[in-house]
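Residue numbering restarts at 1 for every chain, and letters A, B, ... go by the order of the sequence lines. No experiment lies behind these values; they were computed from the predicted model shown.
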Amino acid sequence: MLFNSIDFAIFLPIVFILYWFVAERNIKLQNLIVVIASYVFYGMWDWRFLSLIFFSSFVDYLVGIGLSNKLNKRIRKLLLLISIFINLGFLGVFKYYNFFLDNFKEAFTFLGYSINTESLNIILPVGISFYTFQTLSYSIDVYKRKLEPTKDILAFFAFVSFFPQLVAGPIERAKNLLPQFYKKRYFEYNTAVDGMRQILWGLFKKIIIADNCAILVNKIFANYTDYSGSTLLLGLIFFAFQIYGDFSGYSDIAIGTARLFGFNLMRNFAFPYFSRDIAEFWRRWHISLSTWFRDYVYIPLGGSVGKTWLKIRNVFIIFIVSGLWHGANWTFIVWGLINALFFIPLILLKKNKKNTEIVAEGKVIPNFKEIFQIAITFFIILILWSFFRSESIKDAFSYLNIMFSKTIFRIPEVVSLKTVIFIVLLLLIEWLQRNKQHALQFDNINSKRLVRWCIYSVVIVAIMIFGGNQQQFIYFQF
Amino acid sequence: MKKFIYDIIKFSLFLFMTILVLVIFSLYLNNNIDFKIPKHKEILVVGDSRPECAINDQILDNVFNYSQSGASYFYSYLKIREIIKNNSHIKTLVLSYSYADLSKSRDKWYVGHKRINNYMPMYFPLFNLEDFIFLFKSNPYSVTITMPVLIKSIFIKNNQSNLGGYRHLKRDKLKEAIKRYKFNRALIKNVVYSKYQAEYLLKIYNFVQKKNIKLILLSLPIYNIPNKNCTKYNEFYKSFAKKNLNKAILINHSNFELPEISYGDLGHLNYKGAKIYSKYLKSSGILN
């Protein structure tokens with residue numbers, strides 16, 4: 001079930017009414033409704049996937065119970081390894097099996113041996129990378145005694161399958177989300193209203209920005225050899241906004257929906273295209289994944305402490321793993337690798353935490369230095385997106401090769417004025433609201449209801465008129 | 001909670017009113033589709049993809065082809081009603097039929113979600129309340145979820161050329177189509193008719209009768225491939241027409257002989273076929 005579908009528009013009010021009116025005074029019943037609703041939501045893609053999420057939840061629940069007993073270190077470690085093995089095993093089979101098999105085959109063929117293996121015809125279960133990481137965070141935190149294991153199976157199942165963030169995040173930490181299922185939820189008017197605003201802004205980004213950009217991006221990337229460098233540059237810019245609108249739009253809808261049910265999810269995007277360096281970009285883009293890797297991979301490896309080569313190794317590992325998380329393709333690995341190359345100088349010069357505050361805070365217009373930094377960072381990100389979007393590394397290099405030819409000075413062949421206007425509008429609104437959680441957070445006009453309602457109506461009507469054709473969210477494939 | 005629900009309802013009403021005002025305003029400004037046809041074009045051709053591809057109205061001086069792929073008799077009726085209202089000089093209506101047009105299988109041309117999603121927004125400016133209720137009753141779910149598409153189409157100016165015209169089909173896939181054709185299809189026992197098609201065929205008939213317009217029901221050339229069911233369907237259509245449309249002229253050109261290069265596929269003429277066939281119609285004066 002897609003957030004931008006009529007099905008969801010019917011599903012959400014039904015669950016909302018059941019949750020607040022039928023099960024208002026009973027946490028267990030509310031959690032049960034969350035689990036049932038989440039399984040219905042997920043099962044509508046393919047009911048067979050439900051067995052995976054059920055099994056994964058059940059194993060981690062038992063591992064948690066096991067870890068709560070006073071066991072010796074070895075058994076505790078074994079239990080953690082079982083959780084990691086099963087969760088990453090699912091990922092390995094469903095997401096990476098064919099990729100590794102094909103690469104082994106090619107490597108052996110290169111060495112003059114031939115191995116006879118068959119690729120599997122596997123469908124990638126939607127959102128597997130998201131809920132696997134979420135449930136893994138529980139096992140690791142319980143193992144490290146950072147979190148008390150839960151004995152409430154319903155709360156745990158609700159935590160793993162919570163439908164707003166099940167298929168594309170934010171990847172919640174057990175420490176943040178699980179305790180929310182133990183406590184009584186109270187309906188708060190202001191939180192719910194702001195949740196609705198965030199949903200609306202998410203829909204705007206998805207339907208108007210991402211879906212319209214998708215049409216142009218698909219056209220340009222499918223026939224990139226036929227276009228001039230300027231068109232290819234434009235293709236990358238459109239893709240940058242497509243993926244941002246798509247993924248941050250999904251996150252906004254997820255966070256807003258969760259708020260309607262009295263839950264607070266972590267922020268996933270913080271206006272990343274206003275970043276002044278690549279380190280700041282990664283603090284603002286897909287925050288829940290970056291911090292997951294930071295907490296469970298980077299810091300256990302030693303982080304930015306220790307010898308220089310260890311720091312470099314750790315950065316490479318985290319970015320390559322992050323690339324691989326996005327998909328079983330060399331393009332994602334190279335994308336991660338190049339990110340690491342841009343990141344390492346900042347780590348070595350200890351400038352990776354230089355830009356932590358909001359850009360041009362308190363000012364309407366940034367200074368020239370900030371504009372220059374933002375532009376350079378955005379340009380680097382564009383180059384990186386070419387690897388992310390291309391079918392193969394060869395295609396990515398070929399795309400960049402044509403883009404940086406003399407034809408970059410020609411007038412682009414593919415332009416959509418409507419899409420460009422909406423991108424400018426998005427940037428303008430997000431710039432003005434960059435100190436807020438989302439762009440439709442209007443604290444200062446709370447009293448002027450008519451103004452707010454007119455703004456919401458304009459956004460809704462714009463979505464109805466200018467929305468692109470319904471497209472699946474990009475990050476579902478990850 | 002009460003305040004939240006109350007506010008949601010109030011905002012929904014506010015939004016509904018805003019959209020309604022905008023829709024009315026847009027309908028007034030944008031959707032006056034121009035159906036004016038040149039005075040010398042006295043014969044109107046309406047139907048689905050077969051006449052759309054077969055009748056070249058540049059060859060036939062007095063003919064105006066307003067056919068459209070996949071248009072059922074319901075959408076054809078809406079178009080005929082509007083065109084004739086705007087063009088009192090139309091003397092003859094040529095409505096295409098193919099052998100299976102009255103069979104149950106055509107119901108999906110009305111109730112199928114894709115059809116409603118594509119055609120309802122396109123034809124909405126021609127709807128009256130009765131037409132809308134008819135479609136809503138046939139598939140309430142699809143009509144409801146097509147509303148956002150419909151509203152979008154109202155805001156974006158409709159163009160009458162979207163609703164039909166001669167199609168210069170360059171397709172040349174007859175041999176592939178013959179290869180794919182299933183020769184051993186089961187023989188049907190009884191033809192079950194499509195109540196929707198029959199209802200709107202009768203409406204078209206009654207409408208043109210009232211306006212004193214001659215109605216020709218024309219079955220267009222198709223590639224002659226053995227199909228035992230075809231005869232049965234044709235007989236069914238013929239008997240329906242004889243019983244209910246006694247003043248209409250039935251012309252069956254489904255066996256009209258044309259060279260193989262004339263066919264785009266089994267059921268459609270390509271532009272070469274359209275040229276030969278239209279020249280024949282012109283010289284024979286059969287439509288006059």
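Interatomic distance, Asn190(A) CG to Lys3(B) NZ, rounded to the nearest 0.5 Å: 8.0 Å. For the atom pair Ile460(A) CD1 and Ile19(B) CD1, the distance stands at 7.0 Å (nearest 0.5 Å). Here CD1 of Ile145(B) is found 9.0 Å from OG of Ser5(A). Values are rounded to the nearest 0.5 Å.
More than 12 heavy atoms of other residues, nucleotides or ligands shown are found within 6.0 angstrom of CZ on Phe132(B). By the 6.0 Å contact criterion, NZ on Lys203(B) is enclosed, its count of non-hydrogen atoms from other residues, nucleotides or ligands being greater than 12. A 6.0 Å sphere centred on NZ of Lys272(B) holds more than 12 heavy atoms belonging to other residues, nucleotides or ligands. Within a 6.0 Å radius of NZ in Lys418(A), more than 12 heavy atoms belonging to other residues, nucleotides or ligands are found. More than 12 heavy atoms of other residues, nucleotides or ligands lie within 6.0 Å of CD in Glu413(A), so this atom counts as buried by the packing criterion. Within a 6.0 Å radius of NZ in Lys114(B), no more than 12 heavy atoms belonging to other residues, nucleotides or ligands are found. Other residues, nucleotides and ligands contribute over 12 non-hydrogen atoms within 6.0 Å of the CZ atom of Phe134(B).
At least one side-chain heavy atom of Phe4(B) sits less than 4.5 Å from a side-chain heavy atom of Leu260(A). Residues Phe16(A) and Ile5(B) have side chains in contact (heavy-atom distance under 4.5 Å, counting atoms from C-beta outward).
At a heavy-atom separation below 4.5 angstrom, chain A is approached by Asp7(B), Ile8(B), Lys10(B), Phe11(B), Phe14(B), Leu15(B) within residues 6-15 of chain B. Residues of residues 8-15 of chain A lying under 4.5 angstrom from chain B, judged on non-hydrogen atoms, do not exist here.
A side-chain contact (heavy atoms from CB on, under 4.5 Å) with Met1(B) is found for exactly one of Tyr186(A), Phe21(A), Tyr189(A), namely Phe21(A).
Residue Val193(A) touches chain B through both its backbone and its side chain, counting heavy-atom pairs closer than 4.5 Å. Heavy atoms closer than 4.5 Å to chain A are found in the side chain of Tyr141(B), but not in its backbone.
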